Every structure is written in C-alpha cells, then in structure tokens.
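Worksheet: the structure to be examined is printed underneath.
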There are 2 protein chains.
Amino acid sequence: MKVTTIRDVAKYANVSAATVSRVLNKKGYVSKEAEEAVVKAIEKLNFQPNAVARTLYSKSSRMIGLILPDITNPYFPELARAIEDVALSNGYTVVLCNTDDDEKKEKQYIEALKQKYVDGIILVTNQLDVTDLAPMAVPIIALDRILSEDIPAVVSENENGAIVATEHLIDCGCKFIAHLRGPIGLTSAEDRLRGFQSVVQQKGIANIVVNSDFNFEKSEEVTMQLLKKYPTIDGIFTSSDITAAGAMKAAHTLGRTIPDNLQIIGFDGIPLGKMLAPSLTTIEQPIYEMGALGARLLIQQFENKTLDTNLYKLPTKLVVRGTTKMRGEKA
Amino acid sequence: MKVTTIRDVAKYANVSAATVSRVLNKKGYVSKEAEEAVVKAIEKLNFQPNAVARTLYSKSSRMIGLILPDITNPYFPELARAIEDVALSNGYTVVLCNTDDDEKKEKQYIEALKQKYVDGIILVTNQLDVTDLAPMAVPIIALDRILSEDIPAVVSENENGAIVATEHLIDCGCKFIAHLRGPIGLTSAEDRLRGFQSVVQQKGIANIVVNSDFNFEKSEEVTMQLLKKYPTIDGIFTSSDITAAGAMKAAHTLGRTIPDNLQIIGFDGIPLGKMLAPSLTTIEQPIYEMGALGARLLIQQFENKTLDTNLYKLPTKLVVRGTTKMRGEKA
DNA sequence: CTGAAAGCGCTTACAG
DNA sequence: CTGAAAGCGCTTACAG
C-alpha cells in the first residue's frame with residue numbers, strides 16, 4: 001500500500017521535488033531535459049499527485065457542495081445531474097447533501113463543507129438565515145429559490161409560467177379553475193400563485209385556491225374533496241407535476257375523464273408527465289439548464305469573474321399534451 | 001479570511017498544539033485544567049479543526065464515493081438517499097458520480113476518488129473490469145449488480161421476484177404473457193428473465209420475450225408493436241416500473257383497458273407506480289434498505305470488521321395494485 | 001501529564 | 001533554470 005510521492009519521482013528523475021511540482025503544474029521554468037526525465041519518471045512510477053496535500057496548501061479542494069432538500073423529489077435529480085456534468089467537465093467533484101429542509105442539517109452541512117475546503121456551494125433552500133452565509137468566505141449560488149439579494153440565484157419565470165398556464169386553461173374553455181398551490185413561504189410557489197391570481201382576477205374567472213404542498217398523496221386527497229364539494233370545477237392548475245399526478249389520480253377515481261370533463265395543467269416538466277395517461281400538459285422549467293447555469297456561475301466566481309447580475313430568471317415553456325384540449329407545439 | 005488554527009488555540013490556552021490535538025481527539029492524557037483551558041479557548045475562538053489537514057495525516061477523508069449510471073433514473077435517488085442518510089449519521093459525506101455506464105468515466109472517477117482519499121466506494125456498474133479494482137486498496141461495495149465474487153454485493157432477489165410476478169399473472173388468469181426484458185448483460189435483468197422463463201416453461205404458458213432496455217419510450221414502442229402483432233397477449237411482466245409505464249401508455253393508446261383487457265406487472269417499486277392510473281402492481285425491491293445496507297457494510301469494512309458473506313440478497317415483495325385483477329395485501 | 005519535533009505530500013517564494 | 005527551505009494545519013511517537 002505504499003503510494004509513490006513526489007519525492008520518489010524526484011529521486012528517480014534525479015531532480016528536486018520542486019522541479020517535479022513545476023512540471024506537474026506547468027508553472028515556472030523547467031529545462032527540456034528535466035521535464036522529460038520527470039515525465040518519464042511519472043509514467044514509470046505511475047505517479048498520481050495527492051489531491052489532499054494540494055488542497056491543504058491551495059485551500060481549494062475542487063469540490064462543490066450541493067445542498068438540497070431531498071434527491072428523492074423528482075425535480076432534483078435532473079438539477080443534480082446538470083451540476084455534476086458541468087462540474088466534471090471543469091475538473092470538479094460534487095458532494096451531495098440532503099437536508100429535508102431542516103435548518104439544523106443545512107447548517108451542519110455548511111460547516112462540514114467549509115472544513116473540507118469546498119470551493120463553493122449550490123444551495124436549494126428557503127429558510128436559511130443569510131447571516132449564517134455572509135461570513136462563509138466561499139461562493140454560493142442559490143437555485144430554484146431566491147435567498148436574498150446578495151446571493152446570486154438561478155430561478156425560472158414562475159409567475160409568468162403561471163400566467164401562461166392559467167390563460168391556457170381559459171383558452172381551452174375552463175370556467176371554474178382551481179389552483180393547487182405549493183408550500184407557503186416557498187418563493188417559487190408564491191410566485192406561481194400570484195401569476196394565477198392575476199389572470200383569474202383580471203378575466204373574472206371563478207376560482208379557488210387550496211394548498212397541496214407539492215405532495216402526491218396530499219394532492220390526491222385535496223382534489224378528491226375539492227371535486228366533490230365543487231363538481232363544476234372544470235380546470236386545475238397545479239403548482240407541480242407531482243401535484244398534477246395526484247389530481248389526475250383523484251379525477252380517475254371519481255370517474256372524471258381527462259381532458260373532456262376536467263382539464264389539468266402542471267408545472268415543472270419532469271419526466272413523470274410524459275408517463276402519465278393521458279400525458280400531462282405542463283409548464284416546463286429548463287431544469288437541466290438551471291442546474292448547469294448555476295454550476296457555471298459558481299465556477300465563474302472561483303475565477304473571480306464578477307457576475308452580470310444577482311438574479312438569473314430562465315424562461316418557462318408551455319408544453320401542451322393530453323390533459324388539456326388544445327393542440328400545441330408538442331404532442 | 002484568517003482562519004483560526006490549532007496553534008491559535010494553543011497559544012490562547014497556554015498549552016501546546018499537541019495538547020489541543022489531544023483534547024480534540026479525546027486521546028492521550030490531558031489534565032483537567034489543561035482540558036478546560038483548551039475547551040474554553042476553542043469556544044472563544046470558534047475553532048473548527050481543518051478536515052483537510054486531518055485527512056492528509058490520517059489518510060481518511062471520511063468521504064464515500066457513490067458511482068452510479070445516472071441519478072436521473074428514478075431507481076437511484078432512493079438508493080442515494082439511503083446511502084447519504086447512513087453516511088451522515090456516521091459522520092461521512094458522499095460524493096456523487098454519474099457514469100452513464102461509460103467505463104472511461106468510471107475509471108476516471110475511481111482515480112479521482114482515490115486521489116481524494118475517499119474511505120470507500122459504492123459502485124453500481126456491471127462492465128467494470130475487476131482487475132482495475134483489485135489494486136484499489138479502498139473498500140468497495142457493489143450495489144444492485146454483482147461485479148465479482150471478491151467484491152461484496154447487495155442485490156435483491158431478482159429471480160425469485162420474477163417468479164412471483166409471473167405466477168401472479170397466471171393466477172390472475174393470463175394465458176399469453178409477454179416479458180419486456182431489461183438490458184442484455186445486466187445481471188439483474190438476466191435473473192428476472194430466468195425467473196420468468198422457468199415459470200412459463202414449467203406451467204406451459206404461451207409467452208414471448210422482447211427487449212425494452214429499462215427505457216420508457218422504447219417500451220412504449222415495443223409494446224405497441226407487440227400488441228398489434230399478438231393481440232391475444234393478455235399479460236405483461238416488465239423488468240422495471242419505467243418499462244411498465246411505457247407498456248401502460250401503449251395499451252392506453254391502443255384502447256386496451258387495464259386490468260380488464262390486459263394485465264401488467266412491473267418490477268422495482270419506485271414511487272412512479274403509485275402515481276399511474278390505474279396504480280401499478282409490481283414487485284417491490286427494498287431499495288432504501290439496499291442502499292442503507294450497502295453503506296453500513298462499507299463502514300463496517302472501514303472498521304476492519306469482516307463481512308459474513310460477499311453476497312447479500314434482499315427479499316422482494318409482491319405489491320398488488322390496480323393493473324392486475326387479484327386483490328392483494330395493498331391497495 | 002506535556003511539549004518539541006517530525007511528518008502527512010504537496011507548493012512556492014527565495015537564493016543562486 | 002533549479003534546489004533547499006518553509007509552510008499549508010493537523011497528529012503522534014518520543015522524551016521528559
């Protein structure tokens with residue numbers, strides 16, 4: 001289990017460790033001969049520089065911390081994947097941290113990551129006190145949810161997406177629309193609610209708002225109650241695709257046919273939507289792009305490039321599929 | 001950005017760095033007075049020991065590498081979550097690595113992880129040459145897919161689960177059963193196929209096997225062809241729940257009602273199954289337990305405990321829901 | 001019980 | 001162009 005070190009290479013190549021280090025980092029002057037000898041020695045001894053030693057000196061671990069509520073929530077895997085792809089192609093590695101939106105876990109992880117000299121953190125949370133982040137010294141990017149004006153954030157056009165969704169239901173003939181809103185206090189959920197309300201109010205459409213917490217079971221139950229109590233509801237805009245799946249399940253149980261008798265539009269654009277029958281009309285967020293952009297912005301900060309702005313709002317897109325009546329750009 | 005070090009603490013407490021280190025690690029003798037002084041100093045200076053320096057000396061980073069094909073595949077998030085939970089509660093942190101089953105990426109990651117002194121690796125792959133792993137020095141656990149006899153693996157009872165699935169379809173009255181098999185060469189897919197074949201052959205049931213690669217779109221297409229060509233197929237056993245969703249979609253498009261006209265059973269037990277309408281009858285793997293066990297076994301190896309065996313096979317469970325006709329233990 | 005010293009494996013001013 | 005030295009922040013034999 002003896003690992004070869006830079007000194008072994010130096011000895012083999014008849015130079016000093018400093019010289020080996022210089023060729024390793026392509027930094028500083030090294031003569032052709034020395035370089036060749038070192039390269040040969042590295043190959044011969046199958047030398048791999050020790051990343052930890054480098055980190056100790058450089059204070060950069062080339063690791064990114066990814067802190068999110070729960071990777072099991074189908075919105076996050078794609079985000080994580082995007083981040084990891086960008087990280088990999090830039091020589092970074094990502095540490096996965098699930099918090100269940102528990103502030104204690106969030107803080108614990110941030111401490112642990114700092115101790116490990118992560119170069120930066122990508123954070124999906126809403127309840128973290130910004131004061132804890134300020135003295136962090138390590139760059140942070142907020143994803144999906146805005147934390148504060150000081151922290152760069154990548155989100156999607158939640159309010160506008162909600163407007164488009166609501167107008168789509170109206171265009172499809174809905175007269176009484178329910179909105180299953182997401183968790184209270186979550187900026188993205190609030191924005192979607194605001195978008196919904198602005199349209200129904202402006203157009204004078206009968207409507208009702210209930211909470212479903214982005215949760216399948218809860219959404220199924222809530223929809224059940226809702227449709228029993230207000231049988232004339234003919235359109236539902238849910239704040240997530242998971243929620244939409246719950247609503248569809250309830251409608252199915254109650255024998256309401258979709259989209260003839262009840263139309264539904266979701267929000268997110270996760271793969272689930274395509275797998276439902278009928279497939280789900282939804283407002284698609286550019287999830288992968290959001291993750292990739294977040295990672296790129298973080299890496300830009302490592303390189304001390306200043307960002308253009310602290311708020312990146314990516315456009316959403318209406319994807320019409322089978323749960324609403326109108327034909328759209330996608331099947 | 002001046003971080004306080006062990007020497008700052010030592011100076012403040014009027015002791016040596018060695019003494020501080022001893023109280024930090026609760027190791028070696030320290031007088032009551034010294035200990036108190038150090039504890040006070042640590043608090044006062046808000047000292048956090050530098051994990052990287054510790055790692056350099058101890059050669060243990062308290063990190064676990066998790067190498068898997070694609071976190072975007074809904075089977076993996078739950079596995080990853082379980083691993084992270086166990087890691088967290090044992091003071092470990094997990095590095096996420098997506099490989100797309102690309103051998104080059106796998107090797108690249110393994111090298112990178114070694115350089116970072118990860119304590120161990122949890123690996124979901126089938127194509128990796130074991131010879132590359134042998135000289136690793138770091139403990140490995142294979143998950144979901146068996147790699148070799150030398151590497152401890154945690155899998156589920158794939159063959160038995162497939163037997164139960166097939167028998168269930170027969171019990172429900174199916175006379176002509178199709179099996180949408182998973183990728184060729186994947187041990188778990190092969191085992192499921194074997195289980196299917198043993199039952200249909202033994203019971204003399206008409207059957208057909210086609211490949212669907214655990215892929216939704218491919219499954220939908222394949223099922224479409226299949227049902228058109230063999231309209232008398234009345235049962236489908238798919239090798240994954242995603243595949244089942246594809247089959248259901250095709251059936252829906254063709255106007256075949258489930259379960260009256262066509263029965264379907266999946267494999268995996270991912271949350272998707274509950275969201276489909278009708279909800280999917282499936283063979284549930286204990287995904288979370290598999291991940292948790294894998295992580296626990298890995299940590300056991302760090303502590304130099306030898307494992308009881310190199311193959312942990314966890315039981316699967318038939319969960320009867322709405323895509324087959326028989327009433328089961330779950331709704 | 002405690003401190004000085006050496007070392008984990010690398011990097012980078014500093015002299016030459 | 002190159003090497004000796006100091007240092008990144010910790011830990012642990014070794015003396016005392």
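First the proteins, then the strands, lettered A, B, ... as listed; each starts at 1. As the structure is a computational prediction, the values presented were derived from the model and not from experiment.
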For B/E111 and A/Q48: C-alpha separation, side-chain torsions, deciding distance, then whether side chain to side chain contact (heavy atoms under 4.5 Å, CB included) applies.
CA-CA 9 Å; B/E111 285 309 319; A/Q48 306 269 98; 2.9 Å; yes
Separation of D/dT11 atom C1' from B/L56 atom CG, nearest Å, is 11 Å
Here the distance between atom P of D/dG3 and atom CD of A/E33, to the nearest Å, is 12 Å
Would you indicate which nucleotide in D/dT2, C/dC10, D/dG9 comes nearest to any side-chain atom of A/V30?
D/dT2
Report the nucleotide, chosen from D/dG9, C/dA13, C/dG3, that has the shortest atom-to-atom distance to any side-chain atom of B/A18.
C/dG3
Separation of D/dA15 atom C1' from B/Y29 atom OH, nearest Å, is 16 Å
Minimum-distance nucleotide (side-chain atoms of B/N25 versus C/dG9, C/dG3, D/dT11)
D/dT11
What is the distance, rounded to the nearest whole Å, between atom CD1 of B/I6 and atom C1' of C/dA4?
14 Å
Quick note, B/A17 side chain, CB onward, closest among C/dG9, D/dT11, C/dT12 is D/dT11
Which nucleotide in C/dC8, C/dG3, C/dT11 has an atom nearest any side-chain atom of A/R54
C/dT11
Before accepting this row, confirm whether a basic side-chain N of the pair A/R81/B/D70 lies closer than 4.0 Å to the acidic partner's carboxylate O.
yes
Kindly give the heavy-atom pair with the smallest separation between A/L79 and A/M290, and that separation in Å.
CD1-CB, 4.2 Å
Measure NZ/B/K27 against P/D/dC10 and give the value in whole Å, please.
16 Å
Looking at D/dC14, which nucleotide sits across from it as a Watson-Crick or G-U wobble partner, both distances under 3.5 angstrom, or is there none?
C/dG3
Do the two ring centres, one from B/F214 and one from B/Y75, sit under 6.0 Å apart?
no
